[in-house]
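Encoded as structure tokens, the structure appears first; notes follow it.
Here is how names work: the chains are called A, B, and so on, in the same order as the sequence lines, proteins then strands, and each is numbered from 1. All figures in this text were calculated on a predicted structure; none of them were measured in a lab.
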There are 2 protein chains.
Amino acid sequence: MRQPFLGTHINKIDAKGRVSVPAAFRQVLAEDAFAGVVCFPSFTSEALEGCAMGFMNEISNSVAERYELFSNDQEDLSDLIFAESATLAWDSNGRIQLPPEMIAFARLEGTAAFVGMGKTFRIWEPETLARSQAERRAQAREKGLSLRLRSAGPESRPDSRPESAS
Amino acid sequence: MRQPFLGTHINKIDAKGRVSVPAAFRQVLAEDAFAGVVCFPSFTSEALEGCAMGFMNEISNSVAERYELFSNDQEDLSDLIFAESATLAWDSNGRIQLPPEMIAFARLEGTAAFVGMGKTFRIWEPETLARSQAERRAQAREKGLSLRLRSAGPESRPDSRPESAS
DNA sequence: CCCTAGCCCATGCTATCCCACGAAATCCCA
DNA sequence: TGGGATTTCGTGGGATAGCATGGGCTAGGG
């Protein structure tokens, strides 16, 4: 069982283009055999998507099994993911080096915000992130999304008490 | 089966920003593999929400199962929940260190009130808590709210305290 | 021959560990 | 049933290890 990626960590990109992957994320990623990260440009945001190698495998398998991770339309996306993703091994200090295209895509300049998203994480230019979050928060409030959190996944809650219902 | 978080415990925050997690809560959290707490700002109050890592995992999985990967809703939820949460491991004495943003969010100053909420708990600045409780009580009175003993429905969440017990 | 990727070492900072103390709750036995 | 002994819990402070970051050194490729 893999722990989720949690929290937001802002790190610097040094002159050589290196960034420390937050220790907390490295710990999560350490459950994977590959000592590093897989990155690809996000489809929906001006940010990079990051995950463990194992997650890529899941995507690959899910698509093959037609598991419901992707809808039909989204299957095409998997092709894109694999094509545009890069495997970034970290050095002995836990730093990775982002390829120039990715730096450009997310418009990173000097700092990078690593944002936990559960099964994946994102890498943002901090200012862009702030703007995006404000927007998202407004939307969520509008839709009342936060309320649904409470009942998230009623079928998969192992600790709901079977106590002879209602 | 997880015991619920119960009661209110007020502890001090020391110069280093450390707080003892109440022993009673630690006992509940001990059922989880991760020796610590996950915290995030509450959506509805000027307080911090706390829970076990396992609870976060459940949310992570439910979100993944319920929404399509890369759908807007999935991202909104993930952003709201995971991005702002922190994993706080406790030391050998059962203390955690609250990140500055969280201290700021709940306006904590020197003391923290841990309030059991069943599956989760909250961390309040004691004065803020008192005000909030008074308000809530007034509202309840106004509405003529009376407690009805309902066995647990899918999302019944008994967060009203039966009496202002001492 | 220069530029870059990869590697290792150095450093300041902060979180974490460890030990100690005091108060309160608990236990135990008369 | 009461009082002393013992344990647990919350709190404080010093020591230590881990983390993020900067810089230098080497080897290989254009």
How are the rings of B/Phe121 and B/Phe25 set to each other: parallel, tilted or perpendicular (split at 30° and 60°)?
->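 Rings of B/Phe121 and B/Phe25: tilted, 30 to 60°.
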
Could you state the [atom1]-[atom2] distance from [X] to [N], rounded to the nearest angstrom?
X       : N      : atom1 : atom2 : result
A/Ile10 : D/dT21 : CD1   : P     : 10 Å
A/Gln27 : D/dA20 : CD    : P     : 11 Å
B/Lys16 : C/dC13 : NZ    : P     : 16 Å
A/Leu98 : C/dA5  : CG    : P     : 12 Å
A/Lys12 : D/dG23 : NZ    : C1'   : 15 Å
A/His9  : D/dA20 : NE2   : P     : 9 Å
A/Ile13 : D/dT21 : CD1   : C1'   : 13 Å
A/Ile96 : D/dA20 : CD1   : P     : 12 Å

Between the side chain of [X] and the main-chain N/O of [Y], is any donor-acceptor distance below 3.5 Å?
X       : Y       : answer
A/Arg26 : A/Val21 : yes
A/Asp32 : A/Gly54 : yes
A/Ser42 : A/Thr44 : yes
B/Ser85 : B/Phe82 : yes

Among D/dT21, D/dC19, D/dT11, the nucleotide that comes nearest once only the side chain of A/Ser20 is considered |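 Minimum distance to the A/Ser20 side chain belongs to D/dT21.
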
Given D/dT21, D/dG12, D/dT11, the nucleotide with the shortest approach to the side chain of B/Arg18 =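 Among D/dT21, D/dG12, D/dT11, the one nearest the side chain of B/Arg18 is D/dG12.
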
For A/Ser45 and A/Trp124, work out which heavy atoms get closest and say how close.
->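 Heavy-atom minimum between the residues: CB-CH2, 3.5 Å.
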
Under 4.0 Å between a side-chain N/O of [X] and OP1 or OP2 of [N], yes or no?
X       : N      : result
B/Arg26 : D/dG10 : yes
A/Asn93 : D/dT21 : no
A/Gln97 : C/dA5  : yes

Just the table, please: protein N/O against nucleotides 28-30 of chain D N/O, every pair under 3.5 Å.
none

Quick one: label A/Val19 by what it contacts on the DNA or RNA (base, sugar-phosphate, nothing), any heavy atom closer than 4.0 Å.
->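 The residue A/Val19 makes no contact with any strand.
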
Treat each ILVMFWY residue as a node, draw an edge where side-chain heavy atoms are under 4.5 Å apart, and state whether A/Leu108 and A/Leu129 are in one component.
->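 Unlinked, A/Leu108 and A/Leu129 end up in two clusters.
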
Take B/Trp90 and A/Asp91, find for each the nucleotide of DNA chain C with the closest heavy atom, and name the residue whose nucleotide sits nearer the 5' end.
->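 The 5'-side residue here is A/Asp91.
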
